[in-house]
Amino acid sequence: RRAEQLANRALPPETRDGVRISLQANAGLLVDLDQLEESGAEGVGLYRTEVPFMVQERFPDAATQTELYARALDMAGERPVTFRTLDIGGDKALPYWSGTKDENPAMGWRAIRIGLDRPAMLRQQLRALLAAGAGRHLRLMFPMVSEVNELMQARALLDMELARHLARGAEPPTRLEVGVMLEVPALIWQLPALFARADFVSVGSNDLFQFLFAIDRGNPRLARRYDSLSPPILTLLRFLAAEADSHGVPLSVCGEMAGHPLEALALIGCGIRILSMPPSHVASVRSTVRSLKLGSLQEYVTYLSGLPNRSVRQHLRAYAGDHGI
Ligand code: PEP
Ligand code: MG
């Protein structure tokens with residue numbers, strides 16, 4: 001099976017009717033990047049920068065951060081890495097940083113909210129990312145953005161750091177792309193303004209669905225109550241993919257869902273063309289991609305998105321079975 005996967009990794013993730021899907025890896029610790037080559041992923045679609053922070057004993061200074069990001073870029077080689085700025089708070093605590101005791105941590109002081117309220121912290125991270133990305137392709141992404149204005153504020157901090165970087169005579173990135181995680185439903189009604197200002201958008205389905213259904217993503221009692229393979233989710237994803245397409249902005253999905261073959265099938269049927277997942281899941285999603293026909297899938301997913309069912313998982317499973325996927 002391993003031999004088969006290694007052989008498969010050289011095959012393009014292309015549907016039977018010739019549509020290319022980009023398969024990317026999610027990473028946090030450097031060990032995840034070790035698996036990049038073997039996984040056959042095209043790049044790192046989500047590098048969760050808070051993960052290395054969570055295993056440190058104190059808040060890493062700019063030099064430590066620069067070294068870490070430079071190593072990540074080195075390990076990825078030619079493959080682009082999408083660095084997400086710190087997403088602390090919520091379910092991700094730093095042992096040496098108390099933050100606030102929010103009653104609803106997922107909806108509390110976290111991620112970009114902390115970054116904008118404590119700009120010195122965000123600027124330090126941006127400075128380290130620019131230092132590591134000097135002379136290289138650099139992709140940055142902000143988590144938990146709920147208003148386009150937050151992207152603009154974060155971008156202004158980035159511009160200040162970039163000016164400072166250049167004033168010191170350092171090399172600029174060869175290419176700098178700035179993206180946003182779509183995880184807060186409010187952003188869905190600001191898409192034209194968002195797509196005009198973001199170089200790319202990545203759907204964080206874990207948080208987005210938690211807020212859409214008002215279910216705690218970490219509560220096992222609720223885990224089976226709602227299904228991500230449901231008409232409202234498919235309808236939303238089809239809308240997002242179409243809007244991104246009409247604005248010419250790349251849209252990916254980097255939540256848990258993207259790494260499961262049946263969910264990946266649904267996402268592709270919704271019009272999503274970039275999926276980011278744990279490196280160990282890339283091989284099986286690649287097989288799914290290579291066995292599907294987009295034309296018929298898209299039609300079927302459109303039909304499913306209009307059903308009154310709570311879940312369309314069985315329908316999709318039957319479709320996959322009938323179509324040799
Ligand atoms: C998400 O919310 O879907 C996501 C990818 O971010 P995280 O799981 O790190 O919150
Ligand atoms: Mg998230």
Side-chain angles (χ1 to χ4, degrees), residues 22-29 32-33 41 43-55 72 81-94 99 102 104-116 125 139-147 150-151 154 179-188 194 198 200-220 222-223 226-230 233 236-237 240-241 244 250-260 263-264 266-267 270 272 274-282 285:
S22 173
L23 303 182
Q24 308 260 342
N26 292 349
L29 296 174
D32 299 323
L33 293 161
V44 176
L46 168 64
Y47 183 93
R48 293 179 163 103
T49 60
E50 66 279 2
V51 177
F53 278 62
M54 287 158 75
V55 299
V81 178
T82 308
F83 291 98
R84 177 175 76 182
T85 63
L86 282 179
D87 182 10
I88 47 176
D91 56 342
K92 295 152 187 140
L94 298 182
D102 292 320
N104 294 303
M107 297 188 282
W109 199 48
R110 59 175 288 202
I112 191 71
R113 300 166 181 183
I114 299 178
L116 295 176
Q125 185 174 35
R139 287 169 58 87
L140 306 178
M141 168 161 88
F142 298 112
M144 286 293 292
V145 168
S146 19
E147 295 180 333
E150 291 171 334
L151 165 62
V180 161
M181 296 272 299
L182 201 168
E183 307 183 273
V184 179
L187 211 47
I188 300 168
L194 176 66
F200 61 92
V201 172
S202 193
V203 176
S205 51
N206 307 336
D207 276 308
L208 183 59
F209 299 170
Q210 146 165 283
F211 298 124
L212 276 172
F213 281 112
I215 42 158
D216 183 338
R217 65 190 264 187
N219 186 338
L222 297 171
Y226 300 97
D227 195 340
S228 50
L229 294 180
S230 65
I233 296 289
L236 171 60
L237 290 165
L240 293 175
L251 180 85
S252 61
V253 173
C254 66
E256 168 106 19
M257 164 179 212
H260 300 293
E263 278 80 349
L267 290 170
C270 288
I272 307 283
I274 310 168
L275 305 174
S276 193
M277 64 200 75
S280 57
H281 292 217
V282 174
V285 173

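Numbering of residues begins at 1 and proceeds along the displayed sequence. Counting starts at 1 for both ligands and their atoms, in listed order.
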- Task: For the residue pair Q24 and S252, confirm or rule out a side-chain donor-acceptor distance under 3.5 Å.
- Result: no
- Query: Would L240 and L251 satisfy side-chain contact (heavy atoms from CB on, under 4.5 Å), going step by step from the backbone distance to the final call?
  - Reply: CA-CA 8 Å; L240 293 175; L251 180 85; 4.0 Å; yes
- Message: Taking non-hydrogen atoms within less than 4.0 Å of ligand 1, which protein residues qualify?
- Response: L46, R48, R84, D87, K92, M181, E183, G204, S205, N206, D207, R217, C254, G255
- Okay, side chain of Q210, backbone of R217: is any donor-acceptor separation there less than 3.5 Å? yes
- Task: Please say whether the positively charged group of R139, taken as NZ for Lys or CZ for Arg, lies over the ring of F200, i.e. under 6.0 angstrom from the six-membered ring centre and within 45 degrees of the axis.
- Result: yes
- Could you grab the distance from atom CE of M141 to atom SG of C254, nearest 0.5 Å is fine? 5.0 Å
- Task: Evaluate the ring planes of H260 and H281, with Trp represented by its six-membered ring, and classify them as parallel (under 30°), tilted (30 to 60°) or perpendicular (over 60°).
- Result: perpendicular
- So what's near the Mg ion (ligand 2), protein N, O or S atoms under 2.8 Å? E183 OE2, D207 OD2
- Any donor-acceptor N/O pair, E150 side chain to S146 backbone, under 3.5 Å: yes
- Item | Separation between CZ of R113 and CD1 of I88, rounded to the nearest 0.5 Å | 13.5 Å
- Can you tell me how far the CG atom of L208 sits from the CG atom of L237, to the nearest 0.5 Å? 8.0 Å
